[in-house]
Amino acid sequence: MGRLCEELAARGMHGMKLGLSPMREACLSLGSPELSCPAVHIAGTNGKGAVAAILDAALGARGLENVARYTSPHLVKIAERFFIGGKRVDDEELESAAEEVFASEKTKALTYFETLTAVAFVLFSRRKSPLAVLECGLGGRLDATNVCNSVLSVITKVGLDHCDWLGDTIEKISAEKSGIIRAGVPVVLGRNDRAVRAVVESRAKEMGAPFFYAPDIADESEIPSSFSLEGLFNRENALTAIAALKVLEKSGVIARADNLTAGFSDVVWPGRFHRIGGVIIDGAHNPPAAEALASSLFALGLNKEKLVLVAGFCGDKDVEAVLQTLAPFVSRAVAVRTDNPRSLDANKTASLMRQAGMEALAASSLEEALILSGAREFSREGGEAKPSVLICGSLFLAGSALCALGAMPYDSSAALEPAERLRPL
């Protein structure tokens with residue numbers, strides 16, 4: 001991944017710049033690849049990546065060839081963000097698309113995420129993908145993906161996160177997410193608070209976009225017993241995906257299928273309530289995600305059978321709120337620094353754990369944390385093992401833990417390249 005990683009290392013220094021003009025100019029210079037592939041465009045605070053993975057699997061199971069998927073962030077390697085035809089794009093194809101992007105003068109000012117988004121559009125255009133599933137990186141209205149040719153807008157669970165960028169109220173954040181709604185293009189909203197629904201429905205009405213509330217058109221009973229993702233929150237994500245499939249059928253984007261939920265048993269979305277023996281790995285890093293994780297733990301009775309927590313966080317998250325939410329499920333805790341420049345120091349995290357009422361200590365490395373928590377031993381137990389260790393707080397940590405325990409479902413044999421350690425959106 002030589003040239004791509006070198007360029008991304010430099011572009012990581014650009015930080016984050018919300019606005020669509022640079023992206024539009026860059027795409028125009030590349031021949032407007034973003035317009036060649038109709039897209040299901042997904043925004044939300046939590047669950048949007050899982051919904052993307054479910055839709056990708058379901059569309060592929062219908063026989064649609066070369067369905068494309070672009071998600072973020074990656075857990076271990078950049079290539080995890082790009083899937084075509086149900087398979088991760090290989091490094092050679094990814095580098096070739098990146099070279100096309102870098103050849104344009106108009107792409108030189110793009111940020112890290114904008115660059116990868118441009119690469120995704122080039123990849124999907126080259127493969128002549130009939131449909132793409134695109135996950136917003138941040139917000140929606142000014143996100144780089146919002147130059148796409150959308151045929152359906154999907155908004156998943158909305159909560160308070162990235163408040164410095166998106167606003168400090170649920171209404172303001174909902175308005176930013178609603179920025180993906182296009183004139184006349186249907187929109188599906190997953191289960192949300194009334195305040196969120198009011199904002200999204202109002203925006204849809206303004207844009208003349210048919211509005212569908214997922215719980216009104218999809219039912220829990222439609223989720224197949226073979227659904228491969230665990231966690232109560234993933235059942236909510238499945239409900240949103242079912243609603244999206246129904247609207248895609250209704251609007252004629254895809255043909256009607258006898259089995260609406262074909263492919264649900266084959267969904268792979270690692271690091272989200274991912275069970276390995278007696279270990280649960282989850283990327284929960286903000287209060288809404290922590291609350292969803294807590295609901296799933298409670299459903300398993302883990303408020304009585306307490307867990308050992310291994311956690312690391314980025315410093316821009318509401319760590320105190322996350323730890324308070326998880327505290328009822330924790331007997332003791334091990335703090336660790338994540339593999340990200342924005343990570344909290346392990347000693348600081350351990351201090352916040354103690355403030356939340358946990359008995360806590362700081363580990364010098366993830367390997368030490370896995371040993372201290374017993375995660376290595378518990379991960380070797382069978383599939384029906386009682387959960388004993390919870391690893392969470394960051395998708396960066398989730399990816400590292402999956403690799404350390406030999407459970408990463410994507411090929412991650414190559415060492416992390418320096419630019420990948422930056423891992424912004």
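Note that the numbering runs from 1 along the sequence shown for the chain. Because the structure is a prediction, the values reported are computed rather than measured.
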For the residue pair Thr117 and Tyr70, confirm or rule out a side-chain donor-acceptor distance under 3.5 Å.
-> yes
Drop me the distance from Ser150's OG to Ile42's CD1, to the nearest 0.5 angstrom.
-> 11.5 Å
Quick one: side-chain hydrogen bond (donor to acceptor under 3.5 Å, both in side chains) pairs with a partner in residues 29-38, sequence neighbours left out?
-> Ser29-Ser104, Ser36-Ser125
Do Lys77 and Glu80 sit within salt-bridge range, that is, some charged N less than 4.0 Å from a carboxylate O?
-> no
Check whether the side chains of Asn146 and Arg182 place a donor and an acceptor atom closer than 3.5 Å, and report yes or no.
-> yes
Kindly compute the distance separating CG (Leu30) from OG1 (Thr107), expressed to the nearest 0.5 Å.
-> 6.5 Å
Rounded to the nearest 0.5 Å, how far apart are OG of Ser225 and CZ of Phe264?
-> 12.5 Å
CG/Asn234 to CD1/Ile54 distance, rounded to the nearest 0.5 angstrom?
-> 6.0 Å
Main-chain N/O of Ser129 paired with Asn66 side-chain donor or acceptor, under 3.5 Å | no
Could I get the full list of salt bridge (Lys or Arg N to Asp or Glu O under 4.0 Å) partners for Asp216, not counting sequence neighbours?
-> Arg197
Looking at residues at least two apart in the chain, or sitting in another chain, which of them share a side-chain contact (heavy atoms from CB on, under 4.5 Å) with Ala299?
-> Leu232
Lys306 side-chain N/O to Pro328 backbone N/O, donor-acceptor pair under 3.5 Å = yes
Passing option when Leu293 is tested against Asn46, Leu326, Val322, Thr325 for side chain to side chain contact (heavy atoms under 4.5 Å, CB included) = Leu326
Measure the spacing between CG of Leu323 and CG of Leu352 and express it to the nearest 0.5 Å.
-> 6.5 Å
Short side-chain donor-acceptor distance under 3.5 Å, Thr338 and Asn340 | no
Can you find a pair of side-chain heavy atoms, one from Ile280 and one from Val389, that are under 4.5 Å apart?
-> no
Side chain to side chain contact (heavy atoms under 4.5 Å, CB included) with Leu94: of Val122, Leu123, Leu116, only one passes, and it is Leu123
Sort out for me which residue in Val336, Leu402, Asp339 forms a side chain to side chain contact (heavy atoms under 4.5 Å, CB included) with Leu397.
-> Val336
Looking at Asp316 and Arg342, does any basic side-chain N land under 4.0 Å from a carboxylate oxygen?
-> yes
Ion pair present between Lys157 and Glu236, side-chain N to carboxylate O less than 4.0 angstrom?
-> no
Ile84 and its side chain to side chain contact (heavy atoms under 4.5 Å, CB included) partner, picked from Arg69, Glu65, Arg127, Arg126 | Arg127
